[in-house]
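Shown next, in structure tokens, is the structure this report addresses.
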Amino acid sequence: MKKFEGVLLACDMDGTLLDSDRRISPRNEQALRHFTEEGGLFSLATGRAPKAILAYLPQLPFNAPYSLLNGSLVMDEQHNVLRCAGMPADTKELISVALSNFSQIGCEIFVDDRILIRQMGEVTAEHLRILKLDYELVAQDELGDTADWCKINLTGDPAVMRQLRELLQPYADRFCISSSMPSFCEITALGVHKGTALRSIAARCGVAEQNIYAVGDSYNDEMMLRTAHIGFAPQNAEADIVKVADVVVCDNNRGAVADAVEWLDKQYT
């Protein structure tokens with residue numbers, strides 16, 4: 001029996017698996033290959049859309065389902081869609097309220113591998129440019145059914161985003177509102193987050209609770225770290241996330257994921 005058989009490790013991407021230049025370091029890649037070669041199950045857990053991870057696929061040793069768009073989209077290791085969470089019908093009302101109160105913000109809507117732009121803001125334009133993502137501009141009356149939506153992302157200046165989150169508090173009983181960076185306000189259906197996705201992936205793979213591990217750095221990783229038996233946070237993580245983590249590893253520029261694998265190496269002999 002290989003040392004990591006029946007062990008699941010879920011890894012966030014930006015600020016965790018990727019360095020500040022958005023690259024997977026040789027150290028992290030080698031550690032993940034060692035982990036999977038020894039029987040471990042590797043699962044990505046990112047807020048990114050499917051097309052935003054394409055460039056990294058050759059470096060990632062997928063052998064388990066993984067989640068994108070903050071847990072709202074789950075795909076198998078062959079990159080086929082297993083589940084899209086969908087969003088409530090009043091998501092369109094939330095968008096209308098947000099844009100009518102903050103006319104300068106951007107609004108991205110993720111529908112499987114499509115990106116709809118309800119309103120283009122400076123942060124959204126830069127986000128799409130950096131990740132080289134295609135998109136479609138849509139008007140409010142063109143939004144259609146929300147049942148196949150995965151996530152919406154409202155973007156803008158961090159100070160504006162703080163005000164926006166306060167405005168959206170009345171929606172907290174119907175939506176999960178989180179962020180992977182201060183300029184984002186990421187919204188999924190209530191109860192849909194990286195933690196629920198991790199739990200469903202572990203159940204699908206038959207992984208026992210004490211063998212579930214996760215590593216992440218930001219607020220959209222909090223529920224995943226709480227769900228895992230042991231949650232790792234890199235040193236560059238948000239201060240509140242460091243407090244949630246069970247183990248703090250080195251920062252994302254020095255191989256945070258490799259540190260987590262080395263920690264597991266010492267536990268499973």
Side-chain angles (χ1 to χ4, degrees), residues 1-48 53 56-57 59-68 70-71 77 180-181 193-202 205 207-269:
M1 179 176 176
K2 296 181 178 180
K3 70 157 59 178
F4 293 133
E5 284 188 24
V7 177
L8 175 66
L9 175 63
C11 297
D12 170 54
M13 287 190 71
D14 295 280
T16 302
L17 178 59
L18 305 185
D19 63 21
S20 297
D21 294 320
R22 299 184 180 87
R23 297 177 300 193
I24 300 175
S25 69
R27 182 175 180 233
N28 277 344
E29 182 178 354
Q30 290 165 11
L32 287 176
R33 294 196 182 282
H34 165 68
F35 177 74
T36 54
E37 287 166 4
E38 287 291 333
L41 297 169
F42 164 66
S43 179
L44 200 63
T46 179
R48 289 186 178 221
I53 70 165
Y56 302 100
L57 297 186
Q59 290 181 267
L60 298 173
F62 285 104
N63 62 353
Y66 60 97
S67 68
L68 303 107
N70 287 356
E77 51 269 49
S180 56
M181 59 183 65
H193 47 70
K194 291 187 182 185
T196 49
L198 177 59
R199 192 176 297 115
S200 70
I201 290 168
C205 295
V207 175
E209 184 176 338
Q210 67 269 23
N211 290 325
I212 302 172
Y213 300 89
V215 54
D217 73 300
S218 198
Y219 294 109
N220 65 334
D221 297 309
E222 178 177 352
M223 295 307 299
M224 177 175 72
L225 298 182
R226 292 186 183 278
T227 298
H229 175 61
I230 295 291
F232 301 91
Q235 289 175 343
N236 56 283
E238 299 285 351
D240 289 343
I241 301 305
V242 170
K243 293 176 184 177
V244 168
D246 301 290
V247 177
V248 177
V249 291
C250 71
D251 65 56
N252 65 312
N253 287 317
R254 293 186 294 149
V257 171
D259 262 17
V261 172
E262 288 177 6
W263 188 94
L264 292 172
D265 247 328
K266 296 174 183 176
Q267 308 304 310
Y268 294 86
T269 56

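Panel note: side chain Asn253, backbone Ser20; a donor-acceptor pair is recorded below 3.5 Å. Asp19 places no side-chain N or O within donor-acceptor distance of the main-chain N or O of Ser25, the cut-off being under 3.5 Å. When atom types are taken as modelled, the side chain of Asp221 and the backbone of Asp217 share a donor-acceptor pair closer than 3.5 angstrom. With hydrogens and angles ignored, the 3.5 Å screen pairs no side-chain donor or acceptor of Asp251 with any backbone N or O of Pro234.
Taken to the nearest 0.5 Å, the CG atom of Leu198 stands 7.5 Å off from the OG atom of Ser67. The distance from the CD1 atom of Ile241 to the CD atom of Glu222 is 5.0 Å, given to the nearest 0.5 Å. Rounded to the nearest 0.5 Å, atoms OG1 (Thr196) and CD1 (Ile201) are 9.5 Å apart. Asn28 contributes atom CG, which lies 5.5 Å from atom CG of Leu17 (distance to the nearest 0.5 angstrom). From Tyr66, atom OH reaches atom SG of Cys11 across 14.0 Å, with rounding to the nearest 0.5 Å. Atom CE of residue Met224 and atom OG1 of residue Thr227 lie 9.0 Å apart, to the nearest 0.5 angstrom.
Residues Arg27 and Gly255 approach most closely at NH1-O, 3.2 Å, considering heavy atoms. When every heavy atom of Ala64 is checked against every heavy atom of Leu8, the shortest pair comes out as CB-CD1, 4.5 Å. Closest non-hydrogen pair, Asp246 versus His229, comes out as OD2-O, 3.9 Å. Across all non-hydrogen atoms, the minimal contact from Gln59 to Ile24 is NE2-O, 3.4 Å.
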Given side chain to side chain contact (heavy atoms under 4.5 Å, CB included), test Lys194 with Asp12 step by step and report yes or no.
CA-CA 9 Å; Lys194 291 187 182 185; Asp12 170 54; 3.0 Å; yes
Go through it in stages, so that I can follow the logic: the residues are Val248 and Gln235, the test is side chain to side chain contact (heavy atoms under 4.5 Å, CB included), and I'd like the CA-CA distance, side-chain angles, deciding distance and then a yes or no.
CA-CA 6 Å; Val248 177; Gln235 289 175 343; 3.9 Å; yes
List the steps and the verdict of side chain to side chain contact (heavy atoms under 4.5 Å, CB included) for Met181 and Asp14.
CA-CA 10 Å; Met181 59 183 65; Asp14 295 280; 5.7 Å; no
Run the side chain to side chain contact (heavy atoms under 4.5 Å, CB included) test on Lys3 and Asp265 for me, step by step, so that the C-alpha distance in whole Å, both residues' side-chain angles and the decisive distance to 0.1 Å come before the verdict.
CA-CA 8 Å; Lys3 70 157 59 178; Asp265 247 328; 2.6 Å; yes
Run the side-chain donor-acceptor check on residues 37-46: report pairs under 3.5 Å with partners two or more places apart or on a different chain.
residue : atom : partner : partner atom : Å
Ser43   : OG   : Pro65   : O            : 2.8
Thr46   : OG1  : Arg48   : N            : 3.0

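A salt bridge links Arg33 with Glu29: the distance from a Lys NZ or Arg NE/NH1/NH2 to an Asp or Glu carboxylate oxygen falls below 4.0 Å.
Remark: Lys243 NZ is loosely packed, at most 12 non-hydrogen atoms of other residues, nucleotides or ligands lying under 6.0 Å away. Crowding of Glu5 atom CD: a count of heavy atoms from other residues, nucleotides or ligands under 6.0 Å exceeding 12.
Side-chain contact between Leu57 and Phe62 is present, with at least one heavy-atom pair separated by less than 4.5 Å.
In this pair, Phe4 and Phe35 present their aromatic rings tilted. The plane angle is within the 30 to 60° band.
If you check the side chains of Asn211 and Tyr268, you find a donor sitting under 3.5 Å from an acceptor.
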